[in-house]
Amino acid sequence: MTDLKKSWQEYIFKALKTAADRENVEAGIDSAENIIVSSPPKPEMGDFAFAMFPFAKALRTSPQNIAGMVVKELENMEDASAAGTFSTAGPYVNVKINIMDSAAGIISKVLNDKDDYGRGSSLKGRKIMLEFSCPNTNKPLHLGHLRNDSIGSAVARILKAAGAEVMKVNLINDRGIHICKSMLAYRKFGNGATPESTGMKSDHFVGKYYVKFDSWSKEDDGALAEAQKMLQDWESGDEEVTSLWKQMNKWTIDGIEETYKATGISFDKVYYESNTYSSGKQEVLNGLEKGVFYKEDDGSIWADLSEIKLDKKVLLRGDGTTLYMTQDLGTAIARQSDWPFDQLIYVVGSEQQYHFQVLFHILKKLGYIWAEDLKHLSYGMVNLPDGKMKSREGTVVDADDLVKQLGEMAKEEIIAKERGDDVGDIDGTAHSIALGALNYYLLQVSPSKDMIFNPAESLSFNGNTGPYLQYMGARISSMIRKFENQKEKFAGIEASSSVLTVEEEKELIKLLISYPEVVEQTANQYNPSALTAFLYELAKTYSRFYHDNPVLNNEDKVIAVSRMELSKAVLQVFRNGFELIGIPFLEKM
RNA sequence: GCGUCCGUAGCUCAGCUGGAUAGAGCGCCGGACUUCGAAUCCGUAGGUCGCAGGUUCGAAUCCUGCCGGACGUACCA
């Protein structure tokens, strides 16, 4: 599609030039690239549209006239005439390209390239590290983490598809005051209970004590001080605290890993704050020595940010214990030396924008030139229809519960539609549908926007949803199975794109052609929603197409075979696109 | 106060490198299963694109101001 566009820009450019020469005026444009290509409002009007308004001043005539002149010139150009037909529509020149000329080529390209169709090289050679998820070890994952994981994994796969070398990293938040809170509550109220003894999933078990701390601290003013004391003990390596910490962290991490497994999330490398905080502390101390930071009377160490019009930021507490910022400094530096990246992207909620602004700036001040290559991919909050999620009011949507609930809904649906026998593995299929629904729901919204998670809607499998896409994939798969079963019927029949004459077929071809561009655009914008929109469009177009036009059952065998080829190509693009946005592909559902 | 982001149909969202009547889904109403799986398809109704200026031949899209909302501005993460 890009090449076609380029050549048409050239044609229009040339036509304008000659028209201008004839009139003895300047064309008012100096390069073909600056000619804007758009699409006509309706597909039957053509494939590309060129507005003539911008040239009116230079050519000293109305855009309508210019459109007429351009069309006349185009008609005199052999290469242009061969490539398509053109017409004026008021001030526009509409071009209808002979797209079906390339239909056979694109179909066989898709079918030959298979999983590689859509892979590009725009980011070839780039080493990109992508951080996402970053759970705390004091509670299980919730809906907010699911959005993070969904965006992170999708962006990772998309960047890879654009040619980058991608390293997915996680950072386990396993130290800090919040961790001490749940440890403290457990030591105080746990009575030696364990996940095994209570039959709870281990991360939920730990989360219970984090909540417990909250209620306890309301009754007891000393609770917070005790937690702070525990943090000091932990940082100084107190044995009892350390062993409790190890135990509880293991519980949480084990539980979270189960959730990752269920939702298909994985990492190439996992960092732990507990391993990086001390190097961060060292960096701060070095910075102090170099005069980059300053010390307050109470011993705390600060960065002055007035040069970027911000206040000041504490980097190390007076008692010597570290903060989130301290460890993030250490982590970033460790990463650059572990795997020298060209870019490091942090997928973290928008509420931490200030944090990253400060972090990046401090790294620059410390003299790390690669700090320029850091990016905060910020995403909005997930709210509920009746407001914010609040842990205290118990309105937090738990990740495990949600996935389970979606799976149950899908299972009911399979049973209600009497698809069980066909599907075979009902639970597995239901789970795949649940993930398809979830990932699509979370990714169809641009990351920068806050979104409202409507449980009822997310559970719907109709309309603009993941399962709708999966359904289209399953339908085509089913058709292909039937086709393979009666292959002898079509023996010796060759597909021919010349019989693909229906409007939807042309639309499908155009979509197939544009898929690689969509992947590239999605990669450039770090925005998977462009891809969900594309796949939905493809599914809708195919759906309309096969509803009205017999494919396999066509009495004309050449048409049947040709449409099968087209369908296979569409299916391939579904598979490739689904993969990128985390929608499991299903042969049957 | 300052900073960042957001404001498009009843609801949830696309569109925002400026271009021809602003698009989907859900919901509403009405159609289509002897036909490749109806988790489908088709149609109707529904919008001063927060408001006001500006730039432009042309603005939902760019700029400015205002209004409304979210988040941040912690020795939390």
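Reminder, nothing fancy here: chain letters follow the sequence lines and each chain counts from 1. The figures here come from the full heavy-atom set of this structure, side chains too, leaving out hydrogens, waters and symmetry mates.
- Side-chain contact of N136(A) with Y210(A): a donor-acceptor pair under 3.5 Å is absent, judged by distance alone.
- The salt bridge (Lys or Arg N to Asp or Glu O under 4.0 Å) test applied to R544(A) returns E504(A), not counting sequence neighbours.
- A sub-4.0 Å separation between OP1 or OP2 of C71(B) and a side-chain N or O of S350(A) is absent.
- Out of C16(B), U12(B), C76(B), the shortest distance to the side chain of I452(A) is found at U12(B).
- Near RNA chain B, meaning a heavy atom under 4.0 Å away, there are no residues from residues 519-528 of chain A.
- Across all strands, P54(A) comes closer than 4.0 Å to base atoms (heavy-atom distances).
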Enumerate donor-acceptor pairs with a distance under 3.5 Å from any side-chain N or O in residues 533-541 of chain A to protein atoms, sequence neighbours excluded.
unit_1  : atom_1 : unit_2  : atom_2 : d
T541(A) : OG1    : E537(A) : O      : 2.7

What protein N or O atoms touch nucleotides 58-63 of chain B N or O atoms at under 3.5 angstrom, if any, and at what distances?
none

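- Considering only residues two or more places apart in sequence or on other chains, D427(A) meets the salt bridge (Lys or Arg N to Asp or Glu O under 4.0 Å) condition with K411(A).
- For the pair K309(A) and G3(B), the criterion of a side-chain N or O lying under 4.0 Å from OP1 or OP2 is not met.
- Summarising the geometry, the separation between CD1 on I177(A) and C1' on A77(B) is reported as 12 Å, rounded to the nearest angstrom.
- Candidate nucleotides A20(B), A77(B), U8(B) were compared by shortest atom distance to the side chain of M45(A), and A20(B) ranks first.
- Regarding Y379(A), its OH atom lies at a distance of 15 Å from the P atom of C71(B), rounded to whole Å.
- Ring centers of F356(A) and Y346(A): under 6.0 Å apart, within the cut-off.
- Between F534(A) atom CZ and G15(B) atom P the separation is 15 Å, expressed in whole Å.
- Residue R175(A) is in sugar-phosphate contact alone, with no base atom involved, counting any heavy-atom pair closer than 4.0 Å across all strands shown.
- The distance between the ring centers of Y209(A) and W216(A) does not fall below 6.0 angstrom.
- The stretch residues 419-436 of chain A touches RNA chain B through R419(A), I433(A), each having a heavy atom under 4.0 angstrom from the strand.
- Within residues 351-358 of chain A, the residues that place at least one heavy atom under 4.0 Å from RNA chain B are, in residue-number order, E351(A), Q352(A), Q353(A), Y354(A).
- A gap of 12 Å separates the C1' atoms of G10(B) and A45(B), to the nearest Å.
- Atom CG of N485(A) is surrounded by more than 12 heavy atoms from other residues, nucleotides or ligands within 6.0 Å.
- The existence of a salt bridge linking K229(A) and E226(A) is excluded, since no basic side-chain nitrogen approaches an acidic carboxylate oxygen closer than 4.0 Å.
- When the salt bridge (Lys or Arg N to Asp or Glu O under 4.0 Å) test is applied to K309(A), no partner is found at least two apart in sequence or on another chain.
- In this structure, D47(A) pairs ionically with K510(A), as a charged nitrogen and a carboxylate oxygen lie closer than 4.0 Å.
- Between A14(B) and K449(A), a contact under 4.0 Å exists linking OP1 or OP2 to a side-chain N or O.
- Residue N138(A) is classed as having no contact, given no heavy-atom separation below 4.0 Å to the nucleic acid.
- P63(A) comes within contact range of no nucleotide atom at all, as no heavy-atom separation falls under 4.0 Å.
- Base engagement by A49(A) is indicated by at least one non-hydrogen atom pair under 4.0 Å involving a base atom.
- Judged as a side chain to side chain donor-acceptor pair (under 3.5 Å), the pairs with a partner in residues 374-383 of chain A (not counting sequence neighbours) are, in order, N148(A)-Y379(A).
- Distance alone, capped at 3.5 Å, places no donor-acceptor pair between the R147(A) side chain and the L443(A) backbone.
- Salt bridge status for E33(A) with K6(A): absent, with no side-chain N to carboxylate O gap under 4.0 Å.
- Partners of E457(A) according to the side chain to side chain donor-acceptor pair (under 3.5 Å) rule, which considers only residues two or more places apart in sequence or in another chain, do not exist here.
- Comparing the C1' positions of C41(B) and U35(B) gives a spacing of 14 Å, expressed to the nearest Å.
- S446(A) comes within 4.0 angstrom of the backbone, heavy atoms only, and of no base.
- Listed pair Y440(A) / A14(B) fails the phosphate criterion, with no side-chain N or O lying under 4.0 Å from OP1 or OP2.
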Quiz prompt | Pair E413(A)-R419(A), salt bridge (Lys or Arg N to Asp or Glu O under 4.0 Å): steps then yes or no | solution = CA-CA 9 Å; E413(A) 199 75 4; R419(A) 296 283 310 153; over 6 Å; no
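- Comparing G53(B) with G46(B), their P atoms are spaced 27 Å from each other, to the whole Å.
- Note: CG (D450(A)) to C1' (U12(B)) measures 14 Å, nearest angstrom.
- For the atom pair I452(A) CD1 and S458(A) OG, the distance stands at 13.0 Å (nearest 0.5 Å).
- Among the protein residues, S38(A) comes within range of no part of the nucleic acid, since none of its heavy atoms lies under 4.0 Å from any strand.
- Between T331(A) and Q327(A), the side chains place a donor N or O and an acceptor N or O closer than 3.5 Å (distance only, hydrogens not considered).
- Both key distances under 3.5 Å define a Watson-Crick or G-U pair, and stretches of 3 or more such consecutive pairs in RNA chain B run B:1-7 with B:67-73, B:10-13 with B:23-26, B:29-32 with B:40-43, B:50-54 with B:62-66.
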Protein-nucleotides 26-36 of chain B N/O pairs closer than 3.5 Å?
unit_1 : atom_1 : unit_2  : atom_2 : d
C36(B) : O4'    : N553(A) : ND2    : 2.8
C36(B) : O3'    : K482(A) : NZ     : 3.2
C36(B) : O2     : L552(A) : N      : 2.9
C36(B) : O2     : N553(A) : N      : 3.3
C36(B) : N3     : V551(A) : N      : 2.9
C36(B) : N4     : Y546(A) : O      : 2.2
C36(B) : N4     : N549(A) : O      : 2.7

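- Distance from the side chain of Y536(A) is smallest for A24(B) among the nucleotides A20(B), C71(B), A24(B).
- No side-chain donor-acceptor contact under 3.5 Å links Q470(A) to the backbone of F585(A).
- Along RNA chain B, the nucleotide nearest P467(A) and the nucleotide nearest V445(A) are compared for position; the residue whose nucleotide lies closer to the 5' end is V445(A).
- Distance N383(A) CG to A70(B) C1': 8 Å, rounded to the nearest Å.
- Here G90(A) lies out of heavy-atom contact (under 4.0 Å) with every strand.
- If you check every strand for non-hydrogen atoms under 4.0 Å, M381(A) touches sugar and phosphate atoms only.
- Here Y324(A) lies in heavy-atom contact (under 4.0 Å) with a base.
- A donor-acceptor contact under 3.5 angstrom links the side chains of R175(A) and T322(A), judged on distance only.
- Here L315(A) lies out of heavy-atom contact (under 4.0 Å) with every strand.
- A distance-only check finds a donor-acceptor pair linking the side chain of E505(A) to the backbone of V502(A) [under 3.5 Å].
- In terms of modelled atom types and a separation under 3.5 Å, the side chain of N170(A) and the main chain of V270(A) share no donor-acceptor contact.
- The side chain of K388(A) contributes an N or O atom lying less than 4.0 Å from OP1 or OP2 of C71(B).
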